[in-house]
There are 2 protein chains.
Amino acid sequence: MDLENTQSQMRKGVLEYCILCIIGKSECYASDIIDQMKEAKLIVVEGTLYPLLTRLKNAGLLNYKWEESKSGPPRKYYSLTDEGKSFLQALSGTWGELSEAVTSITSGK
Amino acid sequence: MDLENTQSQMRKGVLEYCILCIIGKSECYASDIIDQMKEAKLIVVEGTLYPLLTRLKNAGLLNYKWEESKSGPPRKYYSLTDEGKSFLQALSGTWGELSEAVTSITSGK
DNA sequence: TATAGTACTTTGTATTGCATAGTACTATAT
DNA sequence: ATATAGTACTATGCAATACAAAGTACTATA
């Protein structure tokens, strides 16, 4: 049993919530998301992020637009659809419930 | 994108932590664990729990002993090994960090 | 022109929650 | 004595996602 692996498993599902949250605050592109998550000490890597963004787009939760960048290649800026906003709401509840369940179990009440 | 699926993904890795926690409090068998988690509103099913307990045993984190039951078939009572105790300690830290990272991101600080 | 940095795409692997099917033991009903 | 129900555990295959790695493409600089 590998601690790092369990950490990775714990991230499953949570990353989706966090990413939707970041995009819900303001339009951003992949590196923005990586930076903001790194700042919060939640590391997400490209191989995870890009397919996840694609899945969310395909599920109708995100829109994107291409924007020229000041220096470097063009960027894909993402924003939430209405559906994305309400899904994020639901995920917030879900996380809250999970969090509380874990607290309940681990505190022994 | 399916809310239930995301919930299931969020449970990955977390169940391991909770189960170790429950066993760490006192020796118990599978149905005890299912009951205690159900009480905390965190549902775990047999198809998940038994293989997980087996994996933890094989990883040296759990021991078990068979006990006759008052009414019904014999039961497997689990307890933590020393290694299991320190792994649980580490998982507790891991959960705390993840939790805090999520709070940080979702509160917008 | 070549290189470096940035941004995105694709693919395959490992792992675990879960559904399902099955075995085995004990208690109760017929 | 046999059948059924309840309880406890085992095994297997599937779906989904984090992640590593390889690759393409655009822009700036040497």
**Student:** Write down the distance between CG (N58(A)) and P (dC8(C)), rounded to a whole number of angstrom.
**Tutor:** 16 Å

**Student:** Specify whether Y29(A) and Y77(A) have parallel, tilted or perpendicular ring planes, treating 30° as the upper limit for parallel and 60° as the lower limit for perpendicular.
**Tutor:** tilted

**Student:** Ignoring the backbone of V45(A), work out which of dC26(D), dC19(D), dT15(C) is nearest its side chain.
**Tutor:** dC19(D)

**Student:** With nearest nucleotides of DNA chain C determined for V44(B) and G47(A) from heavy-atom distances, which residue corresponds to the more 5′ nucleotide?
**Tutor:** G47(A)

**Student:** In whole Å, I'd like the distance from the CD1 atom of I33(B) to the C1' atom of dC9(D).
**Tutor:** 13 Å

**Student:** Considering only dA7(C), dC25(C), dT17(D), which nucleotide approaches the side chain of E16(A) most closely?
**Tutor:** dT17(D)

**Student:** Expressed in angstrom and rounded to an integer, what is the separation of L53(A) atom CG from dA7(C) atom C1'?
**Tutor:** 12 Å

**Student:** For S69(B), which contact category applies under a 4.0 Å heavy-atom criterion: base, sugar-phosphate, or nothing?
**Tutor:** nothing

**Student:** May I ask you to verify if any side-chain N or O of R55(B) is less than 4.0 angstrom from the OP1 or OP2 atom of dT10(D)?
**Tutor:** no

**Student:** How far apart are the C-alpha atoms of L80(B) and L61(B), what are their side-chain angles, what is the distance that settles it, and do they pass the side chain to side chain contact (heavy atoms under 4.5 Å, CB included) test?
**Tutor:** CA-CA 6 Å; L80(B) 292 189; L61(B) 304 187; 5.7 Å; no

**Student:** Nearest nucleotide by nearest heavy atom, which residue falls closer to the 5' end of DNA chain C, Y64(A) or N5(A)?
**Tutor:** Y64(A)

**Student:** Taking the side chain of E68(A) as its heavy atoms from C-beta onward, which of dT27(D), dT16(C), dC19(D) lies nearest to it?
**Tutor:** dT27(D)

**Student:** State plainly whether the residues K85(A) and D82(A) are in salt-bridge range, i.e. N to O under 4.0 Å.
**Tutor:** yes

**Student:** Which of the following nucleotides, dG17(C), dT6(C), dA16(D), is nearest to the side chain of P73(A)?
**Tutor:** dT6(C)

**Student:** For side chain to side chain contact (heavy atoms under 4.5 Å, CB included), just list the numbers for W66(B) and R75(B), CA-CA rounded to whole Å, side-chain angles, deciding distance to a tenth of an Å, and then say yes or no.
**Tutor:** CA-CA 6 Å; W66(B) 285 101; R75(B) 299 164 172 176; 5.7 Å; no

**Student:** For E46(A) and L15(A), find the nucleotide of DNA chain D closest to each by heavy atoms; which residue's nucleotide sits nearer the 5' end?
**Tutor:** L15(A)

**Student:** With the side chain of T48(B) defined as its heavy atoms from C-beta on, choose the nearest nucleotide among dA7(C), dC18(C), dA18(D).
**Tutor:** dC18(C)

**Student:** From the options dA18(D), dC19(D), dA28(D), select the nucleotide whose nearest atom is closest to the side chain of S71(A).
**Tutor:** dA28(D)

**Student:** Using 4.0 Å as the upper bound for N to carboxylate O, is an ion pair formed by E27(A) and K65(A)?
**Tutor:** yes

**Student:** Test side chain to side chain contact (heavy atoms under 4.5 Å, CB included) on F87(B) and T81(B); report intermediate values, then the result.
**Tutor:** CA-CA 10 Å; F87(B) 193 77; T81(B) 61; over 6 Å; no

**Student:** Side chain of K76(A): nearest nucleotide among dA7(C), dT9(C), dG17(C)?
**Tutor:** dT9(C)

**Student:** What is the distance, to the nearest angstrom, from the CG atom on L20(A) to the P atom on dT17(D)?
**Tutor:** 12 Å

**Student:** I need the CD1-P distance between I19(B) and dT16(C), as an integer number of Å.
**Tutor:** 12 Å

**Student:** Which listed nucleotide (dA14(C), dC9(D), dA8(D)) is nearest to the side chain of S31(B)?
**Tutor:** dA8(D)

**Student:** Report the nucleotide, chosen from dA16(D), dC8(C), dC19(D), that has the shortest atom-to-atom distance to any side-chain atom of Y50(A).
**Tutor:** dC8(C)

**Student:** Nearest whole Å is fine: how far is dT10(D) C1' from Y29(B) OH?
**Tutor:** 17 Å

**Student:** P74(A) has a side chain; which of dC26(D), dA7(C), dG17(C) sits nearest to it?
**Tutor:** dC26(D)

**Student:** How many Å lie between CE on M10(B) and C1' on dT16(C), as a whole number?
**Tutor:** 16 Å

**Student:** Under 4.0 angstrom, heavy atoms only, what part of the nucleic acid is S8(A) near: base, sugar-phosphate, or nothing?
**Tutor:** sugar-phosphate

**Student:** Find the distance R75(A):CZ to dC26(D):P and express it as a whole number of Å.
**Tutor:** 16 Å

**Student:** Determine which nucleotide pairs with dT29(D), using a 3.5 Å limit on both distances of a Watson-Crick or G-U wobble pair.
**Tutor:** dA2(C)

